[in-house]
Amino acid sequence: MSELSGMQKTERWLWPIFATALFLLFWRYAVIWTGTRVFPSPIEVKLGLTQLVDGGVLWRDIVDSLRRVAIGYFAAVGLGIPLGLLLGWYPSLNQIVNPVVQILRPISPIAWIPVAIILFGVGDDAAVFLVFLGAFFPIVVTCVDSVSNVPLIYRRAGSNFGLTGPQLLARVVFPAALPQILVGLRIALGIGWLVVVAGEMIAVDSGLGFLIIDSRNSGKRYDLVVGAMLLIGVIGLILDVLFRRIETIKRVRWGFRNES
Amino acid sequence: MSSSASARAAMAIHPTLPSLPIKLRTENVGMAFLREGKTLPVLEDINLEVGNGEFVCLLGPSGCGKSTLLSAMAGFLRPTSGAILIDGEIVRGADPRRIFVFQERGVFPWLTVEGNIGFGLRKLPSKERAERVNHYIQMVGLEGFGKSYPHELSGGMKQRVEVARALAVNPDVMFLDEPFGALDSITRLVMRSELLRIWQAERKTILFVTHDIDEAVQLADRVVVMSARPGRIQQVVSIDIPHPRDISSPRYLELRDGILGQIGLAHRL
């Protein structure tokens, strides 16, 4: 049994590496076979990125993007969780507010770009606002759902020990809902990272989104376009992996199926 | 057949009070739920008196409303008619003096064993709280598991945590709703004798809901047999066997078979 799981452990690394290598190989030969002069090969992308790193620009772009996501995301967390808990706790209030939330929620944050620019001008604030919008609604909606999904048995047990109102919310309902809320927070972070790129293409002149659009506009540097795209993917993956670490904290691990 | 007849005689309804002072009393309690515009009667005319320190089992088939009655006694639900009184006062809500023990599902999964057992003790200074938590960890036999989380424990251990959490706030009354229903049969037997041991040490008033006739006859001072929906009290049977009970004694079998007959099941399957 241990032999088998040991094999699985190496395979867990081996196969993804193999698949990635295959993908890079396919990419390289696709460029060669099609004879394209526009689309870069993996090696050209790597050279382009090295150039950016040496110039010191890349690091600044990454930090700018991450900063915008962080501000917008934490604002969404800070406002979305209390609002979601409140609406989940008072279903009658939720009935009043829910239609507005449900109408605003499916609007892509990208559709908000003109409004963001009117409200905040061209600059950081507009991009941050878009991230905020992208993350805010999923957080609110999952909080409402997760609070109403808290089993009655926990609320009864809490009230049986003399807890009422805010105490019951803080000591029973919130911790009981937390695993599900964390799932929403993780999804919201992913959306925030998606949205910042779009925001940076229009509203600001730094960040990975700007890098893409700027590389195309000034000199058709598709090696940098593709390089930035790959970086966005890798950073998004890292953010997700880091967030998943939170799920292994014992206070919340009970709520995740793949607990061990 | 004569044994069955004498069981009937021994099982006369006990309308008289037990010799203990009354702790809990229900007066013509009725409950009805609204289902799709219709009122569905769940309980009718429940009149019951429970003495202080008494162990009473509510026994009946699934859906007879015994859990509903227990929830109403605990203050989670309001009776549609009639009243429930504890210490002469009408029950108006949940109260830490009367703790409800669910199946092990009531344990808070986000807290450790210590956190769960100390949950109702937040007003105590931390040193005193730790002492009490330790005391009850020992009482239910969970030494060494204080820092464990419920998902790391077996069903029986979780049930112990819940019983300890209830005992820690030193309630007068404990309501147990099929507490051992989800456990395997061996663990269930162990838990029954542990519950009896704790009850004999602490003398809480216990109301225990079960659909298991053996469980009721093994544990209770009196067994309240309920009929199917709408639930009514069909009969109250005093179990006059001293603890520890010999579950193969003629008297035990007589009482058990008497209740089986009362519920309408023959002596054989």
Side-chain angles (χ1 to χ4, degrees), chain A residues 81 84-85 88-92 142-143 145-186 243-260, chain B residues 67 70-77 91-124 129 147-153 158 161-163 165-171 173-179 182:
Chain A
I81 290 183
L85 291 178
W89 188 242
Y90 296 108
S92 49
T142 35
C143 276
D145 284 351
S146 52
V147 168
S148 54
N149 284 346
V150 170
L152 182 62
I153 211 169
Y154 293 151
R155 295 186 196 215
R156 282 188 171 173
S159 66
N160 203 174
F161 286 99
L163 299 184
T164 49
Q167 277 182 315
L168 191 60
L169 187 62
R171 296 195 60 212
V172 174
V173 174
F174 180 69
L178 192 55
Q180 211 188 326
I181 291 176
L182 281 178
V183 173
L185 291 184
R186 198 177 121 231
F243 202 102
R244 287 216 148 186
R245 289 262 170 114
I246 297 174
E247 295 174 4
T248 63
I249 294 171
K250 282 200 170 183
R251 265 183 94 84
V252 297
R253 198 164 70 187
W254 57 273
F256 295 94
R257 283 247 181 91
N258 52 354
E259 64 178 46
S260 55
Chain B
S67 291
L70 202 69
S71 295
M73 286 173 171
F76 297 141
L77 300 171
V91 172
R92 294 190 192 283
D95 192 305
R97 286 173 300 175
R98 324 183 272 268
I99 298 294
F100 197 103
V101 176
F102 307 88
Q103 288 186 3
E104 81 261 20
R105 295 171 293 129
V107 176
F108 297 136
W110 58 90
L111 293 176
T112 59
V113 168
E114 283 176 358
N116 266 287
I117 297 177
F119 186 82
L121 306 174
R122 63 197 179 285
K123 283 174 186 152
L124 291 183
R129 186 169 58 222
K147 306 277 186 241
S148 301
Y149 280 81
H151 67 82
E152 301 163 331
L153 305 178
K158 279 189 260 188
V161 173
E162 226 195 302
V163 170
R165 183 177 72 183
L167 288 170
V169 297
N170 195 24
V173 185
M174 283 171 67
F175 300 104
L176 293 95
D177 187 5
E178 298 189 21

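All of these numbers come straight from a predicted model, not from anything done at the bench. A, B, ... follow the sequence lines: proteins, then strands. Residue 1 opens every chain.
Put simply, of Pro175(A), Gly162(A), Gly158(A), Ala157(A), the one with the most heavy-atom pairs under 4.5 Å next to chain B is Pro175(A).
Remark: the backbone N or O of Asp95(B) is paired with a side-chain donor or acceptor of Asn160(A) at under 3.5 angstrom.
Taking the side chain as every heavy atom from C-beta outward, Arg105(B) and Tyr154(A) never approach each other to under 4.5 Å. At a threshold of 4.5 Å between non-hydrogen side-chain atoms, the residues Phe76(B) and Ser159(A) count as touching.
Using a 4.5 Å cut-off between heavy atoms, Ser71(B) contacts chain A through its side chain alone, with no backbone atom that close. There is no contact between Leu178(A) and chain B, counting heavy-atom distances below 4.5 Å. Interface remark: Arg97(B) contributes no atoms to any contact with chain A (heavy atom separation under 4.5 Å).
Contact between Trp254(A) and His151(B) at its shortest, heavy atoms only, is CB-CD2, 3.6 Å.
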**Request:** Check the pair Leu121(B) / Phe161(A) against side-chain contact (heavy atoms from CB on, under 4.5 Å), numbers first and verdict last.
**Result:** CA-CA 9 Å; Leu121(B) 306 174; Phe161(A) 286 99; over 6 Å; no

**Request:** Start with the C-alpha distance between Glu152(B) and Arg253(A), add both sets of side-chain angles, then the distance that settles side-chain contact (heavy atoms from CB on, under 4.5 Å), and finish with yes or no.
**Result:** CA-CA 11 Å; Glu152(B) 301 163 331; Arg253(A) 198 164 70 187; 4.1 Å; yes

